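I have placed the structure first, in the form of structure tokens, so that the comments after it can refer back to it.
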Number of protein chains: 2
Amino acid sequence: MAIDAIIPFKPKNPKTRLSCILEQEEREAFARAMLSDVLAAVRAAGCAPTLLSTGPFEHPDAAVVEDPAGLNESLNRVLAAAHNPVLIIMADLPLATPEAVARMVGTDASMAIAPGLGGGTNAIFVKEPSRYHVDYYGASFCKHMAIAAEAGLSCEVTDSFRLHTDVDEKEDLVEVLIHGQGSAACRCLESLGFALSIERGRVGVERRTHKETL
Amino acid sequence: MAIDAIIPFKPKNPKTRLSCILEQEEREAFARAMLSDVLAAVRAAGCAPTLLSTGPFEHPDAAVVEDPAGLNESLNRVLAAAHNPVLIIMADLPLATPEAVARMVGTDASMAIAPGLGGGTNAIFVKEPSRYHVDYYGASFCKHMAIAAEAGLSCEVTDSFRLHTDVDEKEDLVEVLIHGQGSAACRCLESLGFALSIERGRVGVERRTHKETL
């Protein structure tokens with residue numbers, strides 16, 4: 001059966017934790033670049049993507065549904081109305097590969113969850129979406145596992161660092177430059193002057209145009 | 001062919017970046033607990049473990065070779081002398097599962113590398129160890145990929161957050177408490193009074209016996 005991929009997206013002033021190193025327009029461009037990496041992975045894994053956008057946005061490669069409601073409210077509306085299996089995947093996973101997504105949606109269980117760092121949830125795949133609801137923020141991974149158990153849905157934890165790596169902070173840019181070679185997000189960072197730096201054995205990023213080490 | 005798993009281990013005063021929350025004896029007990037999780041995963045995946053210890057140490061479930069030399073020097077001595085395929089895996093990966101290790105050593109490529117956060121290398125599997133050498137510290141993942149290319153060895157990047165999660169800092173304990181349920185490392189932390197805490201939507205750990213939130 002066809003799989004619908006739902007990708008929440010915030011086109012305006014996203015990724016504010018990167019404000020220390022990226023201007024608003026740069027953050028918006030970087031968010032669009034990461035989105036295009038996620039879209040490419042999801043499409044290559046055979047899913048049909050729809051963007052769930054907090055505001056007006058158009059994209060040549062995906063349907064866009066605009067919903068200014070909160071993340072949980074808008075996603076739970078989608079889940080309640082869905083007929084096909086649904087993959088919810090965050091837009092800030094530029095290391096996502098078709099293989100990682102395919103492994104996730106190929107689970108034998110009723111659903112799969114790809115955790116993020118610090119108890120977060122980066123992707124959820126559910127074969128019968130009307131039986132599930134989401135509860136993001138805080139230790140959402142634990143909440144999502146508990147909701148699966150309450151609903152009687154078997155759940156696999158997807159073991160992928162590529163889906164585990166969400167990009168929120170400047171240290172996360174290191175992961176994009178190392179493991180995202182060739183991705184739109186990596187090209188975007190390089191065009192903005194970012195490169196790896198190694199000082200006293202620690203790997204970081206520096207922005208060459210600004211002549212400062214972050 | 002049998003696979004030898006080499007696990008570097010520092011029995012005395014390990015994990016000094018956890019000094020802020022764990023006394024030396026506690027860090028030594030925690031390091032041994034993480035080691036036993038790695039040993040269990042490695043054994044269940046069909047590998048024969050040998051500990052490469054920086055000092056005197058005995059373990060009921062593994063051979064121990066003592067070598068006070070640096071990590072690179074001692075590992076490269078092992079690789080040069082090895083006849084079987086070798087898995088080098090760090091001792092601070094308590095989320096490692098038999099499935100993750102089996103996926104890694106089951107690669108079709110000549111070798112596989114499991115990266116750690118920030119450009120590190122958490123595990124290396126090489127079918128012909130005498131053709132390879134290691135170069136840890138700094139952006140070792142990039143160095144290890146380059147060494148593979150120079151040696152003409154095809155190399156898969158193992159996509160596993162369980163092998164990606166090395167435990168060095170107090171924030172890493174969150175991962176153990178969330179994703180390591182049932183592991184020796186998790187039981188060790190729980191016996192020391194650690195539990196998850198959620199404040200203002202952020203997940204952290206607190207040590208109950210000390211009545212402080214970290």
Side-chain angles (χ1 to χ4, degrees), chain A residues 17 41 93 95-104 113-123 136-145 156-166 168-181 195-205, chain B residues 17 41 93 95-104 113-123 136-145 156-166 168-181 195-205:
Chain A
R17 282 194 269 164
L93 307 174
L95 305 188
T97 55
E99 294 74 24
V101 175
R103 192 148 56 82
M104 180 164 191
I113 296 181
L117 212 58
T121 307
N122 285 350
Y136 281 90
Y137 305 116
S140 68
F141 172 79
C142 302
K143 294 189 282 183
H144 286 139
M145 292 297 282
E156 181 177 320
V157 179
T158 302
D159 181 15
S160 165
F161 86 86
R162 297 192 159 276
L163 298 178
H164 188 253
T165 307
D166 48 323
D168 290 308
E169 317 251 8
K170 64 176 194 275
E171 305 88 67
D172 302 332
L173 304 184
V174 170
E175 308 306 319
V176 180
L177 291 171
I178 289 182
H179 297 292
Q181 281 295 318
L196 290 176
S197 72
I198 300 179
E199 264 183 60
R200 294 185 300 277
R202 293 277 182 143
V203 184
V205 293
Chain B
R17 281 193 270 165
L93 307 174
L95 305 187
T97 55
E99 294 73 24
V101 175
R103 193 149 54 84
M104 180 163 191
I113 296 181
L117 210 60
T121 306
N122 285 350
Y136 281 90
Y137 306 115
S140 68
F141 173 78
C142 302
K143 293 190 282 182
H144 287 140
M145 292 297 281
E156 181 177 321
V157 179
T158 302
D159 181 16
S160 166
F161 86 85
R162 297 192 160 277
L163 297 179
H164 188 252
T165 306
D166 48 324
D168 290 308
E169 318 249 8
K170 64 175 194 276
E171 305 89 66
D172 302 332
L173 303 185
V174 170
E175 309 304 319
V176 180
L177 291 171
I178 290 182
H179 298 290
Q181 281 296 318
L196 289 176
S197 72
I198 300 178
E199 263 183 60
R200 294 186 300 277
R202 294 277 181 140
V203 184
V205 293

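Lettering follows sequence order; numbering is per chain, from 1. All values derive from a computational prediction rather than experimental measurement.
Chain A forms the most heavy-atom pairs under 4.5 Å with one residue out of B:Leu177, B:Asp172, B:Asp159, and that residue is B:Asp159. Chain B forms more heavy-atom pairs under 4.5 Å with one residue of A:Gly119, A:Gly118, A:Gly120 than with any other, namely A:Gly118. When the candidates B:Gly138, B:Pro115, B:Ser160, B:Ala139 are compared by the number of heavy-atom contacts under 4.5 Å with chain A, B:Ser160 comes out ahead.
Under a 3.5 Å cut-off, the side chain of B:Glu175 and the backbone N or O of A:Leu117 do not form any donor-acceptor pair.
For B:Arg202, the part lying under 4.5 angstrom from a heavy atom of chain A is the side chain only. A:Ser140 does not touch chain B: none of its heavy atoms, backbone or side chain, sits under 4.5 Å away.
Below 30°, between 30° and 60°, or above 60°: for B:Phe161 and A:His164 the angle between ring planes is below 30°, a parallel geometry.
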